[in-house]
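What follows is a single structure, written as structure tokens, with notes after it.
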Amino acid sequence: MSSLISRRSLVMGATIGAGALLAGCDKIAANPEARKILFMGEDMNRGLQRALTNRNALAPEFSPAQMSPIFRSNGTNNPGTAEYTAMVANNFAGYRLKVGGLVDRPLSVSLPQLRQMPSRAQITRHDCVEGWSAIGKWQGPKLGALLTTAGLQKSARYIVFTCADLFGGANYYESVDLVDAFHPQTILAWALNDQVLDVAHGAPVRLRVERQLGYKHAKYVMAIDAVASLAGIGKGKGGYWEDNVDYDWYAGI
Ligand SMILES: Nc1nc2c(c(=O)[nH]1)N[C@H]1C(S)=C(S)[C@@H](COP(=O)(O)O)O[C@H]1N2
Ligand SMILES: [Mo]
């Protein structure tokens, strides 16, 4: 019982206080209210711990034979703005990925530079909330490497992705916290299924954040900003769908 008490005391300290703890196991066990609080706290603690430790676990990866014959496109399949259309016509020669916000060294990275960075290739399953999935191979540098090069400042808490496509005049955007930003499978993909990323899937660069649902995987990424808070960006909920359709900001899978 003593080991149970010490494990539980972590949560009990906050919920029923040290006095109840000192009263001893039997008394706590006999008191239905205290029992309820005790086990509620334990469940909460376990859930929290599981969530925290598992956030760094890898998403499943698949073999080439398991790749979907067709990887469908969803949401915007071409931003279609004058600016984007001009970039496509120019084979993205003028494209620069801007990395800024709360960083010591803001970056402006060309596509050739991005493709020269050490990259990671991964065959993963994309899960869209609309009820479809597809397995594809993605390749690109780790987002974490780029952020390390830029030098995140201590006050940075979230990474915001601003996309080229517009919804009612506002750019599609998404955000992740630093756990997902530095997750080993979080990459800025410039290739899908061993081909240079096409327009339908987010050319020239799209986010892959493999422990999250589809809408977090921002396509057509133009700018990446480190911020301390999501307030004041869009409608403040961290993403286009979060702002407008009440999708959860945390869409962990
Ligand atoms: N910029 C941008 N990113 C986006 C979207 C979008 O409409 N615009 N749709 C999201 C949704 S809901 C999904 S399921 C995936 C679809 O990616 P795909 O077109 O490569 O299948 O992109 C996500 N990222
Ligand atoms: Mo989606």
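Indexing begins at 1, ligand by ligand and atom by atom, following the structure's order. Position 1 is the first residue of the sequence; numbering continues from there.
In this structure a side-chain-to-backbone donor-acceptor pair under 3.5 Å is missing from R125 to S133. Between the D248 side chain and the A251 main chain, no donor and acceptor come within less than 3.5 Å of each other. Formation of a donor-acceptor pair under 3.5 Å by the Y247 side chain with backbone atoms of G239 is not found in this model. For N90 (side chain) and A86 (main-chain N/O), no donor-acceptor pair under 3.5 Å exists by modelled atom type.
Among K137, E210, E61, Q185, the one residue that satisfies the side chain to side chain donor-acceptor pair (under 3.5 Å) test with T124 is E210. Of the residues R55, R157, R208, the one that meets the salt bridge (charged side-chain N to carboxylate O under 4.0 Å, His left out) test with D180 is R55.
Neither the backbone nor the side chain of Y240 comes within contact range of ligand 1; no heavy atom lies under 4.0 Å. Looking at Y247 against ligand 1, nothing comes within 4.0 Å, counting heavy atoms. Contact annotation for C163 and ligand 1: only side-chain heavy atoms (C-beta onward) come within less than 4.0 Å of the ligand. Heavy atoms from both the backbone and the side chain of Y215 come within less than 4.0 Å of ligand 1.
The cluster map of Ile, Leu, Val, Met, Phe, Trp and Tyr, joined by side-chain heavy atoms under 4.5 Å apart, puts F182 and I159 in the same cluster.
Close N/O approach between H217 and ligand 1 is found [any backbone or side-chain N/O within under 3.5 Å]. In terms of polar-atom proximity, defined here as any N/O pair under 3.5 Å, W241 makes no such contact with ligand 1.
Taking the six-membered ring where the residue is Trp, the centroids of F92 and W190 are separated by 6.0 Å or more. Separation of the Y220 and Y172 ring centroids does not fall under the 6.0 Å cut-off.
Residue F71 approaches ligand 1 through these ligand atoms, each under 4.0 Å from one of its heavy atoms: 21 (O). Proximity to W132 (heavy-atom distance under 4.0 Å) selects the following atoms of ligand 1: 14 (S), 21 (O). Of all atoms in ligand 1, listed by their number and element, those nearer than 4.0 Å to a heavy atom of R72 are 18 (P), 21 (O).
Among all non-hydrogen protein atoms, the one lying nearest atom 23 (C) of ligand 1 is G214 O, 3.4 Å. Closest to atom 1 (N) of ligand 1 among all protein heavy atoms lies D165 OD1, 2.8 Å. The shortest contact between atom 3 (N) of ligand 1 and any protein heavy atom is with K219 N, 3.0 Å. The protein atom (non-hydrogen) at minimum distance from atom 7 (O) of ligand 1 is T76 N, 2.9 Å. Considering only non-hydrogen protein atoms, atom 6 (C) of ligand 1 sits nearest to Y172 CE1, 3.5 Å.
At least one heavy atom of R206 sits closer than 4.0 Å to an atom of ligand 1. Heavy-atom separations between A200 and ligand 1 include at least one value shorter than 4.0 Å.
Taking the six-membered ring where tryptophan is involved, the planes of W138 and F71 are perpendicular, since the angle between them exceeds 60° and thus also 30°.
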Check: Under the salt bridge (charged side-chain N to carboxylate O under 4.0 Å, His left out) criterion, do E174 and K219 qualify, and how do the steps go?
Finding: CA-CA 10 Å; E174 258 305 335; K219 306 197 281 189; over 6 Å; no

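Which of E130, H126, H201 comes nearest to atom 15 (C) of ligand 1 through a heavy atom is settled by distance: it is H126.
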